[in-house]
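First the structure, in the form of structure tokens, and then the observations on it.
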Amino acid sequence: MQYKLTTPVTREDLAPLRAGDTVLLSGVVYTARDAAHKRLMERLDAGEPLPFPLEGSAIYYVGPTPEKPGQVIGSAGPTTSGRMDAYSPRLLDLGQSIMIGKGKRNQAVKDAVVRNGAVYLAALGGAGALMAGSVKKLEIICWEDLGCEAVRRLEVKDFPLTVILDAHGGDLYESGPAAYLASLESKEG
Amino acid sequence: MRTIQAAALTEAVARLCIQANTYLPADIVAALDRQRKAEPWPLAKETLGLLWDNMKLAEQTHMPVCQDTGMACVFVELGQDVHIEGDFEAAIHEGVRQGYGEGYLRKSIVGDPLRRVNTEDNTPAAITVRLVPGDRCTLTVAPKGFGSENMSRLGMLKPADGVEGVKNFVIETVRLAGSNPCPPIVLGIGIGGSFDKVVYLAKHALLRPIDQPNPDPYYAQLEQELLASINALGVGPQGFGGQTTCLGLSIETAPTHVAGLPVAVNVSCHVTRRATAEL
């Protein structure tokens, strides 16, 4: 099943999504990797405001290549999400709704996804040129000193994503390979 | 004795950095093409189709295939009858600096592993030099992304573990990596040598095109068996499930100690990059 979503999203928007569904996401997406997440935590610890509104937001774990003159963004595929596991549950509890990256998450993140009615979506790892095509506008909003890891505000149109973790406890990284292997057994049977 | 100017090394390395990050090698393209047609599982087939589109788009728009344009691993086969006029290593680092700057490639290197300040120009390169007969200098730039690099493993097995132990170690590495290294993956496998040598073998194995089997039929057979076992895991493209978990793998071996059986697996992805020039 394919869904079209626009950020900011609500819990109700995300409720129908199931692991293995695809999503075309439009609207505003913020970028942050390890270093930016660490600084977000420091701001929260200090009781200071975050550089962007978390409620219903989507955070994309990406460090793009520098844009050439005339380009909106360089190559922009996802980085490994597991490095953000230490930070994500806190952000989800504070209102973040969508995480975008690639690769496995830990149990604490899975629990936070279910608890908050959020989702974890995969962008195509290694497909940086393709993912860049959906980005219509880019603005660095914070921590420029972090270079490719600076926080960017992206405006995306029909950004192609796959649901990995859904709000009901589904995990495509477990169910996808299992379903494929089961299809082989049923053929042999 | 033949003289090569250091500036010629710089120019070649800069060009190869851009080329490798923009155009995938023919063997990887061929494997991706074969698998996108052969893959039976619908989501996997669709995913491989998108990876193919990405590769073509990068080629047409001269964009990096992947945003992780990697650590610049530079392999040099230096003829022993070559004299380099100028500073050899500095010339290679300068090539990386120019290539990553002019090519709009991402600067992903921190100058210190714990204090972590970006060097801003992707230097230093990781340079490996081998002296060979003759008066040529062959340069290979193989930019390595860390999504897959982080999933690599080294094991000091016991001789009694034998070939089954090696197979289990390799398959376990792929299983543990799961979706993280952006499957379909490519593996470089080192067997034998010492603690340090086996890792070099694994990395060097990634330089061999995946359509070229190991010249020793025993290891060519082992390569085939491992590939079949890995693709029976069901991990599939991006870990979404499917037949295509691994595009190909290469084994390199070296003599080892009576008491040991080192094995190393260097995990790479569907964006396994290498570009070579001969000076």
Side-chain angles (χ1 to χ4, degrees), chain A residues 19-22 34-35 38 61-69 71 73-83 101-105 122-133 145-149 160 162-164 171-185 187, chain B residues 21-22 40-41 43-44 46-47 50-69 100-101 103-108 116 118 120 145-148 150-151 176-184 232-243 245 269-271:
Chain A
D21 286 340
T22 53
D34 326 28
K38 191 156 174 280
Y61 310 139
V62 61
T65 60
E67 58 271 19
K68 292 179 185 171
Q71 279 181 335
I73 193 169
S75 200
T79 195
T80 308
S81 308
R83 297 198 315 275
K102 55 110 178 169
K104 295 173 279 191
R105 310 307 301 264
L124 284 174
L130 193 72
M131 302 310 291
D145 62 297
L146 294 179
C148 73
E149 297 200 53
T162 304
V163 181
I164 302 297
D171 180 351
L172 182 65
Y173 290 145
E174 287 172 12
S175 62
Y180 166 71
L181 292 174
S183 78
L184 297 183
E185 277 172 24
K187 264 185 211 159
Chain B
N21 273 299
T22 315
W41 189 242
L43 181 57
E46 190 185 324
T47 304
L50 290 170
L51 297 181
W52 177 262
D53 292 346
N54 176 67
M55 191 260 300
K56 286 287 171 197
L57 190 64
E59 196 178 287
Q60 287 157 11
T61 58
H62 312 290
M63 257 177 114
V65 182
C66 173
Q67 79 293 333
D68 186 351
T69 51
Y100 276 71
Y104 291 85
L105 305 177
R106 201 179 79 182
K107 288 75 181 173
S108 309
R116 309 197 74 82
N118 199 303
E120 306 288 348
F146 261 51
S148 55
N150 283 336
M151 297 294 110
L176 287 171
S179 54
N180 283 18
C182 301
L233 290 173
V235 174
Q238 302 288 308
F240 298 166
Q243 186 187 71
T245 301
C269 57
H270 62 95
V271 187

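Below, read A as the first sequence line, B as the second, and so on, with proteins coming before strands; counting in each chain starts at 1. All figures in this text were calculated on a predicted structure; none of them were measured in a lab.
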So B:W41 and A:Y180, would you call those rings parallel, tilted or perpendicular, with 30° and 60° as cut-offs? perpendicular
Requested in this report: Take A:T80 and B:N150 through the test side-chain contact (heavy atoms from CB on, under 4.5 Å) and record every step on the way to the result.
Outcome: CA-CA 10 Å; A:T80 308; B:N150 283 336; 5.9 Å; no
Taken in chain and number order and not counting sequence neighbours, the residues that satisfy side chain to side chain donor-acceptor pair (under 3.5 Å) with A:D34 are A:R83
Side chain to side chain donor-acceptor pair (under 3.5 Å) filter on A:E174, not counting sequence neighbours, yields A:K110
Indicate yes or no for a side-chain donor-acceptor contact from [X] to the backbone of [Y] under 3.5 Å, with no hydrogens or angles considered.
{"X": "B:R106", "Y": "A:G63", "value": "yes"}
{"X": "B:Q67", "Y": "A:G74", "value": "no"}
{"X": "B:H270", "Y": "A:A127", "value": "no"}
{"X": "A:K104", "Y": "B:L176", "value": "yes"}

Given heavy-atom pairs under 4.5 angstrom as the criterion, report whether the side chain, backbone, both or neither of [X] touches chain A.
{"X": "B:A177", "answer": "backbone"}
{"X": "B:V271", "answer": "side chain"}
{"X": "B:L105", "answer": "backbone"}

Subject >> Steps toward side-chain contact (heavy atoms from CB on, under 4.5 Å) verdict (A:I164, B:F240) >> reply: CA-CA 8 Å; A:I164 302 297; B:F240 298 166; 3.5 Å; yes
Exercise for review: Please step through side-chain contact (heavy atoms from CB on, under 4.5 Å) for the pair B:H62 and A:K68, ending with a clear verdict.
Suggested key: CA-CA 10 Å; B:H62 312 290; A:K68 292 179 185 171; 4.1 Å; yes
